Amino acid sequence: MKITIFGSGYVGLVTGACLAEVGNDVLCVDIDADKIATLQKGEIPIYEPGLQKLVVHNIQAGRLAFTTDTVAGVAHGLFQFIAVGTPPDEDGSADLQHVLAVADTIGTHMENYRIVIDKSTVPVGTADKVRNKIQSVIDQRGLKMEFDVVSNPEFLKEGAAVDDFMKPERIIIGTDNPRTTELLRALYTPFNRNHERIFVMDVRSAELTKYAANAMLATKISFMNELANLAERLGADIEQVRIGIGSDPRIGYHFIYPGCGFGGSCFPKDVQALGYTAKQIGYQADLLEAVKAVNNRQKEVLFNKINRHFKGELKGKTIALWGLAFKPNTDDMREAPSRTLMESLWAAGASVQAFDPAAMDETRRIYDKQPGLTLCESPMDALVNADALTVVTEWNVFRSPDFSKIKSALKTPVIFDGRNLYDPPHLSREGFTYYAIGRGNLLP
Ligand SMILES: NC(=O)c1ccc[n+]([C@@H]2O[C@H](COP(=O)([O-])OP(=O)(O)OC[C@H]3O[C@@H](n4cnc5c(N)ncnc54)[C@H](O)[C@@H]3O)[C@@H](O)[C@H]2O)c1
């Protein structure tokens with residue numbers, strides 16, 4: 001099948017590479033000429049396990065190509081995916097300018113029937129806006145042409161995106177027109193062999209399903225962080241509580257890890273955008289507001305612990321920081337808790353020596369020439385002459401470090417762990433002052 005994908009970011013690139021891998025003829029379009037030039041060379045501008053190999057393999061097989069030529073893009077695919085960014089606007093709503101720009105492009109250049117598939121995360125009602133935009137442009141051209149608009153939200157997780165796309169838990173197809181269902185089913189057949197994963201529903205429900213999923217996951221995290229803060233003050237250990245509640249199958253063990261707050265390109269903006277949608281229709285979504293507020297507060301927890309430990313005297317202190325990406329296996333720094341922490345430390349006069357297995361370039365791009373930031377070659381380099389270690393991202397490489405080496409490299413043996421990676425009694429035996437999240441019995 002011939003497929004065009006507008007937007008070659010995390011979602012567009014993974015979608016393009018995976019659809020090419022199963023034999024389709026895919027053309028990826030992006031307005032970022034540098035990104036396209038990089039991709040044409042078979043290099044990928046993001047860190048995503050398994051993706052580079054897939055991209056190179058499919059370019060060589062002639063099934064995957066990249067271009068900035070939007071006219072060629074519209075001419076190429078019967079299926080026209082929209083996978084561009086929907087960042088938060090100033091008021092918290094999802095900014096649809098890129099989505100609607102693609103709709104405009106498709107309406108301007110299409111010459112025959114097209115299925116427009118919205119893969120970006122967009123508020124309920126966006127498919128109608130896309131349809132209206134395309135229709136108005138076709139009308140302006142004085143032509144009559146058929147097209148369909150389908151909502152097909154993406155649920156991949158950065159860090160496991162290729163696997164998630166190849167073996168999805170669900171494929172949501174939101175369409176108000178049965179003729180597209182058959183074509184979309186055919187498109188997704190290679191990913192639907194093991195058992196039925198395709199759920200066909202109306203467009204608005206499909207659009208809302210994506211927000212519901214992210215809001216639910218964000219709620220689980222904020223709930224656990226709220227409980228962690230309570231546990232800390234009550235002298236309980238949230239890790240014991242987690243195990244205790246997770247054993248109830250109605251609750252389950254997934255996604256109930258306490259930590260130093262959620263970040264990334266999706267949860268914060270999607271919770272906010274859903275809240276905005278609610279406000280627009282006059283509904284007060286109290287729970288969503290609380291999820292956001294708890295998370296904003298949680299992102300300050302590590303700084304507050306560090307500040308308290310050093311009795312407010314952070315000027316001139318050096319803090320080693322392990323983990324910059326918002327989660328492991330990605331280089332994505334969008335809304336990362338590490339950013340909140342570093343910015344608070346800098347404001348308090350401390351400096352940061354940081355290491356991340358994948359996000360160093362991205363950090364350099366964001367904080368170019370930031371005084372008070374040293375990016376180090378290895379986790380151990382980050383510790384040299386630092387006053388304390390802070391763990392912000394739970395990369396595997398940080399899970400079982402050599403504590404005696406850490407102790408001899410640090411000026412004082414103090415660890416602030418934003419991900420509860422270590423065993424408190426063990427660290428205490430090793431001679432560390434150890435601060436974790438919600439493990440109140442360990443507060444000095
Ligand atoms: N990143 C994720 O984990 C994830 C998961 C599921 C859904 N989503 C959603 O998917 C969408 C894309 O997210 P992303 O993380 O891939 O974004 P991204 O910022 O990584 O990529 C978006 C790309 O779109 C390009 N673009 C912008 N306007 C364009 C246009 N008019 N024509 C062609 N290309 C254009 C940009 O240059 C950029 O390369 C968002 O709505 C996001 O919420 C993201």
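Fair warning: this is a prediction, and the values are worked out from it, not measured in the lab. Start at 1 and go down the list; that is how both ligands and their atoms are numbered.
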Ion pair check, [X] and [Y], cut-off under 4.0 Å:
{"X": "E362", "Y": "R334", "value": "no"}
{"X": "R185", "Y": "E182", "value": "no"}
{"X": "D270", "Y": "K210", "value": "no"}
{"X": "D237", "Y": "R439", "value": "yes"}
{"X": "R204", "Y": "E207", "value": "no"}
{"X": "R297", "Y": "E300", "value": "no"}

Requested in this report: Could you tell me whether W322 and F355 have their ring centroids closer than 6.0 angstrom?
Outcome: no
Which atoms of ligand 1 are found less than 4.0 Å from any heavy atom of [X]?
{"X": "E154", "answer": "6 (C), 7 (C)"}
{"X": "K35", "answer": "38 (C), 39 (O)"}
{"X": "C266", "answer": "2 (C), 3 (O), 4 (C), 5 (C), 44 (C)"}
{"X": "A83", "answer": "12 (C)"}

Among all protein heavy atoms in this structure, tell me which lies nearest to [atom], with the distance rounded to 0.1 Å.
{"atom": "atom 11 (C) of ligand 1", "answer": "V84 O, 3.3 Å"}
{"atom": "atom 22 (C) of ligand 1", "answer": "G85 N, 3.6 Å"}
{"atom": "atom 1 (N) of ligand 1", "answer": "E158 OE2, 2.7 Å"}
{"atom": "atom 31 (N) of ligand 1", "answer": "V102 CG2, 3.6 Å"}
{"atom": "atom 40 (C) of ligand 1", "answer": "T86 OG1, 3.5 Å"}
{"atom": "atom 37 (O) of ligand 1", "answer": "D30 OD1, 2.6 Å"}
{"atom": "atom 43 (O) of ligand 1", "answer": "K269 NZ, 2.6 Å"}
{"atom": "atom 18 (P) of ligand 1", "answer": "G9 CA, 3.9 Å"}

Query raised in the report: What part of S120 sits under 4.0 Å from ligand 1 if we count only heavy atoms: the side chain, the backbone, both or neither?
Result: both
Query raised in the report: atom 27 (C) of ligand 1: which of D164, I31, V11, V29 has the nearest heavy atom?
Result: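 Residue with the shortest heavy-atom distance to the ligand atom: I31.
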Requested in this report: Determine, stepwise, if the pair T175 / N177 fulfils side-chain hydrogen bond (donor to acceptor under 3.5 Å, both in side chains).
Outcome: CA-CA 5 Å; T175 171; N177 186 341; 5.6 Å; no
Query raised in the report: Does R334 have a non-hydrogen atom less than 4.0 Å from ligand 1?
Result: yes
Query - Close approach, K210 and ligand 1, non-hydrogen under 4.0 angstrom - result: yes
**Report entry** Heteroatom proximity flag, Y10 to ligand 1, N/O under 3.5 Å
**Finding:** yes
Requested in this report: Would you check the N or O atoms of T121, main chain and side chain alike, for any that come under 3.5 Å of an N or O of ligand 1?
Outcome: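 There is such a contact, yes.
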Report task. Decide whether a cation-pi geometry holds between R419 and Y257; the criteria are a distance under 6.0 Å from NZ or CZ to the six-membered ring centre and an angle within 45° of the ring axis. Result ->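 No, R419 and Y257 do not form such a contact.
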Query raised in the report: More than 12 non-hydrogen atoms from neighbouring residues, nucleotides or ligands closer than 6.0 Å to OH on Y113, yes or no?
Result: yes
Report summary line: F416 meets the ring pair (Phe, Tyr, Trp, His ring centres under 6.0 Å) criterion, sequence neighbours left out, with H309, Y435
